[in-house]
Amino acid sequence: MSIQWFPGHMTRARRQIQDKLKLIDLAVELLDARIPISSRNPMIDDILMNKPRLIVLGKSDLADPKETEAWIERFKYEGHECISVDASTGTRVGEIPGLARKLLHEKIARQIAKGMNPRAVRALIVGIPNVGKSTLINRLAGRNIAITGDKPGVTKGQQWIKCGTEMELLDTPGILWPKFEDQLVGYRLAMTGAIKEQILDIEDIAFFATRELINRYWDTLVERYGIEEDRPADVEESSEIVRIMEAIGRKRGCLISGGRVDLEKTSGIILRELRAGKLGRLTLESASTY
Ligand code: G4P
């Protein structure tokens, strides 16, 4: 991840977001539709306090549409308004300002009753690094704006970005941290590309990714790589996962001297193709199991 988080950073990030809450009507919590739990800040309810919130499931073009629908239902059941978007093409992004107004309809109705002319809804986008905050802000703004996150210790004047007539966004998104202490979360973030692999072992991540794929998307794996192996009976058995990785490597010609499979090269292929959506639209966390 581009930011190294320490307890001091977390406290500052939290304070920076809480300072901005005074300026806004609602928070837009951006999650990755493929991993709505792992891309979520563990203290989000506490950080946003009672500010009205719209949950946006981003990168929906890469996620399983059925699972995304289930997550939307789940968040709605929990009392949050929720929508899925693909900020890379702009699909459904245009619905966000209308939803934001819908969420604030009581406040707006009160303003109208007092004879006031309701102003545009003011919002702040919050999310973990690489979840797509800048891409979403640019889509909402309809133009390309250089977006910088808050740097600890650096203060600057706030700018409002107009998103049509209905909504205004703060130009610096609120950067949150994921649940670092959970190893599974780290691996899922690495698998989806939210954590850059320079700081992690590529074979480790690909091993984890292959296990997840065997568990959840075995047929997809077989189809993509044309492997003829039996499905591992026990995914907790490391040698079984390596057997599948080696089969993929052989199919892709990743061989080194002695006919052995180059696992590092194979790992690179698996992760690159997974992140680019070449294995199809995959969701790693189901609403039904959380
Ligand atoms: P951030 O501000 O939250 O840190 O995230 P940012 O917008 O920079 O997005 C991170 C990466 O995710 C970018 O890829 C961006 O194009 C991609 N992205 C954002 N939203 C979507 C989406 O809805 N669908 C898809 N498919 N991709 C999305 P990148 O610039 O190529 O960076 P990287 O791949 O080098 O990490």
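Here the structure is a predicted model, which means the values were calculated and not measured.
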Report task. Mark yes or no for whether Arg231, through its side chain, and Ile214, through its backbone, hold a donor-acceptor pair below 3.5 Å. Result -> yes
Query raised in the report: Taking the six-membered ring for Trp, are Phe180 and Trp5 parallel (under 30°), tilted (30 to 60°) or perpendicular (over 60°)?
Result: tilted
Report task. Quick one: closest heavy-atom pair of Ile241 and Val235, and the distance? Result -> CD1-O, 3.5 Å
Query - Glu106, CD atom: more than 12 neighbouring heavy atoms under 6.0 Å - result: no
Query - pair Leu62-Asp32: side-chain heavy atoms closer than 4.5 Å - result: no
**Report entry** Check against side-chain contact (heavy atoms from CB on, under 4.5 Å), Asp204 and Tyr187
**Finding:** CA-CA 9 Å; Asp204 248 17; Tyr187 275 120; 3.2 Å; yes
Query raised in the report: Which heavy atom of Thr172 sits nearest a heavy atom of Leu124, and at what distance?
Result: O-CD1, 3.5 Å
**Report entry** Min side-chain heavy-atom separation Glu95-Val85 under 4.5 Å
**Finding:** no
Report task. Inspect the surroundings of CD in Gln183 and state if more than 12 heavy atoms from other residues, nucleotides or ligands are less than 6.0 Å away. Result -> no
Report summary line: From the list Leu104, Asp25, Leu26, Leu169, side-chain contact (heavy atoms from CB on, under 4.5 Å) partner of Arg122 resolves to Asp25
Query raised in the report: Would you call Arg243-Glu240 a salt bridge at under 4.0 Å N-O?
Result: yes
Requested in this report: Assess whether atom CD of Gln111 is packed by more than 12 heavy atoms of other residues, nucleotides or ligands within 6.0 Å.
Outcome: yes
Query - Polar contact flag, side-chain donor to acceptor under 3.5 angstrom, Thr192-Lys59 - result: no
Query raised in the report: Would Arg53 and Asp45 pass as an ion pair if we require N to O under 4.0 Å?
Result: yes
Requested in this report: Return yes if some donor-acceptor pair links the side-chain N/O of Arg74 with the main-chain N/O of Ala287 below 3.5 Å, else return no.
Outcome: yes
Requested in this report: Please name the pair of heavy atoms, one in Gly186 and one in Ile195, separated by the smallest distance, quoted to 0.1 Å.
Outcome: O-CD1, 3.8 Å
Query raised in the report: According to a 4.5 Å side-chain heavy-atom criterion applied to Ile, Leu, Val, Met, Phe, Trp and Tyr, with indirect links allowed, do Leu189 and Val126 form part of one hydrophobic cluster?
Result: yes
**Report entry** Sole residue of Ile72, Leu284, Thr283 in side-chain contact (heavy atoms from CB on, under 4.5 Å) with Glu67
**Finding:** Thr283
Requested in this report: Apply side-chain contact (heavy atoms from CB on, under 4.5 Å) to the pair Asp262 and Leu255, showing each step before the final yes or no.
Outcome: CA-CA 5 Å; Asp262 183 342; Leu255 298 175; over 6 Å; no
Query raised in the report: For Ala87, does its backbone N or O pair with a side-chain atom of Arg139 as donor and acceptor, under 3.5 Å?
Result: yes
**Report entry** Residue pair Pro36 / Leu31: nearest heavy atoms and the distance that separates them
**Finding:** O-CD1, 3.8 Å
**Report entry** Euclidean distance, Leu54 CG relative to Ile83 CD1, rounded to 0.5 Å
**Finding:** 7.0 Å
Query raised in the report: Is a salt bridge present between Lys66 and Asp64, judged by a nitrogen-to-oxygen distance below 4.0 Å?
Result: no
Requested in this report: Determine, for Glu29 against Arg40, whether the closest basic-nitrogen to carboxylate-oxygen distance falls under 4.0 angstrom.
Outcome: yes
Query raised in the report: Among Glu273, Arg250, Lys251, Arg252, which one satisfies side chain to side chain donor-acceptor pair (under 3.5 Å) with Tyr225?
Result: Glu273
**Report entry** Donor-acceptor contact present, side-chain Arg281 to main-chain Asp61, <3.5 Å
**Finding:** yes
Query - Side-chain (Glu264) to main-chain (Glu203) donor-acceptor, under 3.5 angstrom - result: no
**Report entry** Flag side-chain contact, heavy atom, 4.5 Å: Val131 against Leu176
**Finding:** no
Query raised in the report: To the nearest 0.5 Å, how far apart are CD1 in Ile44 and CD1 in Ile17?
Result: 6.5 Å
Query raised in the report: Would a 4.5 Å heavy-atom cut-off, applied to side chains only, mark Cys82 and Leu57 as touching?
Result: yes
Requested in this report: Indicate the atoms forming the closest heavy-atom contact of Asp86 with Ser60, along with that distance.
Outcome: N-OG, 3.6 Å
Query raised in the report: Does the pair Glu73 and Tyr77 meet the rule for a side-chain contact (heavy atoms from CB on, under 4.5 Å), with working shown?
Result: CA-CA 6 Å; Glu73 286 312 309; Tyr77 178 76; over 6 Å; no
Requested in this report: Consider only side-chain heavy atoms of I, L, V, M, F, W and Y, link residues closer than 4.5 Å, and tell whether Leu103 and Ile24 are in one cluster.
Outcome: yes
Report task. First locate atom CD1 of Ile244, then atom OG1 of Thr266, and finally report the distance between them rounded to the nearest 0.5 Å. Result -> 12.5 Å
Report summary line: Rounded to the nearest 0.5 Å, the CD atom of Glu166 sits from the CD1 atom of Ile96 at a distance of 12.0 Å
Query raised in the report: Counting heavy atoms not belonging to Asn50, are there more than 12 under 6.0 Å from its CG?
Result: no
Query raised in the report: If you round to the nearest 0.5 Å, how far is CD1 of Ile35 from CG of Leu282?
Result: 12.0 Å
Report summary line: Note: Ala63 and Ala33 closest approach over all heavy atoms is CB-CB, 3.7 Å
Query raised in the report: Would you say the side-chain atoms of Arg275 pair up with the backbone N or O of Met191, donor to acceptor, closer than 3.5 Å?
Result: yes
Report task. Evaluate the side-chain proximity of Ile205 to Ser267: yes if any heavy-atom separation is below 4.5 Å, no if none is. Result -> no
Requested in this report: Using a cut-off of 6.0 Å, state whether more than 12 heavy atoms not belonging to Tyr290 lie near its atom OH.
Outcome: yes
Query raised in the report: So, do Trp160 and Leu170 sit near enough that their side-chain heavy atoms are less than 4.5 Å apart?
Result: yes
Query raised in the report: Hey, are the side chains of Pro97 and Leu140 touching, using non-hydrogen atoms and a 4.5 Å cut-off?
Result: yes
Query raised in the report: Do Val93 and Leu99 belong together in a cluster built from hydrophobic side chains that touch within less than 4.5 Å?
Result: yes
Requested in this report: Answer yes when Glu285 and Arg216 have at least one side-chain N-carboxylate O distance shorter than 4.0 Å, and no when they do not.
Outcome: no
Query raised in the report: Can Thr89 and Thr91 be counted as having a side-chain donor-acceptor contact under 3.5 angstrom?
Result: yes
Report task. For side-chain contact (heavy atoms from CB on, under 4.5 Å), just list the numbers for Leu263 and Val242, CA-CA rounded to whole Å, side-chain angles, deciding distance to a tenth of an Å, and then say yes or no. Result -> CA-CA 9 Å; Leu263 272 184; Val242 173; 4.3 Å; yes
Report task. Kindly work out whether a path of hydrophobic side-chain contacts (I/L/V/M/F/W/Y, heavy atoms less than 4.5 Å apart) joins Met10 to Phe6. Result -> no
**Report entry** Electrostatic pair Arg119:Glu168 at N-O distance under 4.0 angstrom
**Finding:** no
Requested in this report: Measure the shortest side-chain to side-chain distance between Trp71 and Ile37 over non-hydrogen atoms and say whether it is less than 4.5 angstrom.
Outcome: yes
Report task. Could you tell me whether the side chain of Asn41 and the main chain of Trp177 form a donor-acceptor pair under 3.5 Å? Result -> yes
**Report entry** Main-chain N/O of Leu21 paired with Lys51 side-chain donor or acceptor, under 3.5 Å
**Finding:** yes
Report task. Could you grab the distance from atom CD of Glu229 to atom CD1 of Ile248, nearest 0.5 Å is fine? Result -> 9.5 Å
Query raised in the report: Does one hydrophobic cluster hold both Ile137 and Ile128, with members joined at side-chain heavy-atom distances below 4.5 Å?
Result: yes
